[in-house]
Amino acid sequence: MTVTDIQILKDDQKQPGGWLKDGHDLNSGAGGPYLYLAWKKDGDSGPITALDVLDDTKQPREGFQLIDQDLNEATRKTGARLYLCFSRTIPEKPILELAVVISGDPDAPAPKGFTRFDKDLNKGAGGDFVFLCYRR
């Protein structure tokens, strides 16, 4: 089963039926609204094969789709505006699972079997280090 769609949920927004939600706040320790990663597996869309995080721009690379939610919205410090993007067209193996790692350690490892996307999702906002991880 592959990941076929991703969205960011805000505050107490519930995930749609059939979606999975990671319970870690993407704004952990930085203030701002509670933001959560949610994803759908084996939906009508093709498998997601690549992820990207945009830094102070809303212009994704060719083949990537932007999720229009600033991951540093209304945080205590003036953090970078960060936007998660994904692609279904980059020729890589499909992503099977997602996870969020929150730590006080900037070198926190990914869970076993996962790859850590090496950009702090709380960049410049203070708070904990927050990393998106994926498994192929």
Side-chain angles (χ1 to χ4, degrees):
M1 294 189 355
T2 63
V3 174
T4 55
D5 210 348
I6 300 173
Q7 66 176 301
I8 303 299
L9 303 175
K10 191 172 180 178
D11 293 322
D12 60 357
Q13 181 182 1
K14 301 288 185 206
Q15 74 265 30
W19 286 66
L20 302 167
K21 175 183 172 183
D22 186 283
H24 294 94
D25 176 18
L26 300 178
N27 273 336
S28 179
Y34 293 99
L35 299 177
Y36 301 97
L37 180 70
W39 63 96
K40 185 174 186 175
K41 288 186 165 191
D42 291 332
D44 295 333
S45 304
I48 291 175
T49 58
L51 302 169
D52 196 9
V53 176
L54 302 180
D55 198 337
D56 284 326
T57 182
K58 290 177 90 172
Q59 297 299 318
R61 294 186 289 153
E62 185 174 338
F64 280 81
Q65 180 177 332
L66 174 85
I67 299 173
D68 194 12
Q69 171 62 58
D70 177 5
L71 299 178
N72 279 338
E73 177 186 351
T75 55
R76 287 188 306 241
K77 294 184 178 181
T78 309
R81 291 177 181 251
L82 298 177
Y83 297 92
L84 181 60
C85 300
F86 61 88
S87 176
R88 295 183 180 95
T89 61
I90 302 297
E92 297 283 340
K93 289 182 180 178
I95 292 175
L96 303 175
E97 195 67 54
L98 296 169
V100 175
V101 170
I102 296 178
S103 177
D105 180 1
D107 298 317
K112 185 175 182 176
F114 283 73
T115 301
R116 188 181 93 169
F117 191 86
D118 203 26
K119 182 172 273 194
D120 176 17
L121 300 183
N122 260 349
K123 179 182 177 187
D128 299 313
F129 294 97
V130 179
F131 297 102
L132 176 61
C133 302
Y134 59 92
R135 183 174 61 82
R136 293 189 190 276

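In what follows, residues are counted from 1 in the order of the sequence shown.
Heavy-atom neighbours of Asp44 CG from other residues, nucleotides or ligands within 6.0 Å: at or below the threshold of 12. Counting heavy-atom neighbours within 6.0 Å of Asp12 CG, excluding the residue itself, gives a total of 12 or less.
In this structure, Thr2 and Asp42 have side chains that are in contact, with non-hydrogen atoms separated by less than 4.5 Å. Taking 4.5 Å as the limit, some side-chain heavy atom of Leu98 sits within range of a side-chain heavy atom of Leu51. Side-chain contact between Leu54 and Leu82 is absent, with no heavy-atom pair separated by less than 4.5 Å. The shortest distance between side-chain heavy atoms of Asn27 and Asn72 falls below 4.5 Å. Under the 4.5 Å side-chain criterion, counting only non-hydrogen atoms from C-beta, Lys41 is not in contact with Thr4. Side-chain atoms of Arg116 and Asp118, non-hydrogen and from C-beta on, do get closer than 4.5 Å to each other.
Rounding to the nearest 0.5 Å gives a distance of 4.5 Å between OH of Tyr83 and NZ of Lys58. Remark: Ile67 CD1 to Leu84 CG distance equals 4.0 Å, nearest 0.5 Å. How far CD of Gln65 is from OG1 of Thr89: 10.5 Å, rounded to the nearest 0.5 Å. Expressed to the nearest 0.5 Å, how far CZ of Arg136 lies from NZ of Lys93 amounts to 9.0 Å. We find the OG-CZ distance between Ser87 and Arg61 to be 8.0 Å, quoted to the nearest 0.5 Å. Between the CG atom in Asp52 and the CZ atom in Phe86 there is a gap of 12.5 Å [rounded to 0.5 Å].
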Lys123 and Val53: CA distance, side-chain angles, deciding distance, side-chain contact (heavy atoms from CB on, under 4.5 Å) verdict:
CA-CA 11 Å; Lys123 179 182 177 187; Val53 176; over 6 Å; no

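Heavy-atom minimum distance, Asp55 versus Lys119: CB-NZ, 3.6 Å. Taking each heavy atom of Ala125 and Ala30 in turn, the nearest pair found is O-CB, 3.5 Å. His24 approaches Tyr36 most closely through the heavy-atom pair O-CD2, 3.5 Å. For Asn122 against Ser28, the heavy-atom pair with the smallest separation is ND2-O, 3.0 Å. In terms of heavy-atom proximity, Asp25 sits nearest to Tyr34 at OD2-CD2, 3.2 Å. Across every non-hydrogen atom of Ala50 and Phe64, the tightest pair is CB-CZ, 3.8 Å.
In the hydrophobic clustering of this structure, Ile48 does not group with Leu66; members are Ile, Leu, Val, Met, Phe, Trp, Tyr whose side-chain heavy atoms approach within less than 4.5 Å, directly or through other members. Two different hydrophobic clusters hold Phe131 and Trp39 under the rule that ILVMFWY side chains link at heavy-atom gaps under 4.5 Å. Leu96 and Ile6 are not part of a single hydrophobic cluster, where members link through side-chain heavy atoms under 4.5 Å apart. When hydrophobic clusters are built by joining Ile, Leu, Val, Met, Phe, Trp and Tyr residues whose side-chain heavy atoms come closer than 4.5 Å, directly or via intermediates, Ile95 is grouped together with Leu37. The hydrophobic cluster containing Leu121 also contains Val100, counting ILVMFWY residues as joined when their side-chain heavy atoms lie under 4.5 angstrom apart, directly or transitively.
With hydrogens and angles ignored, the 3.5 Å screen pairs no side-chain donor or acceptor of Thr49 with any backbone N or O of Glu92. In terms of modelled atom types and a separation under 3.5 Å, the side chain of Asp128 and the main chain of Val130 share no donor-acceptor contact.
Using a 4.0 Å cut-off between a side-chain N of Lys or Arg and a carboxylate O of Asp or Glu, Asp5 and Arg88 qualify as a salt bridge.
With sequence neighbours excluded, the residues satisfying side-chain contact (heavy atoms from CB on, under 4.5 Å) with Pro111 are Ala99, Val101, Phe114, Cys133.
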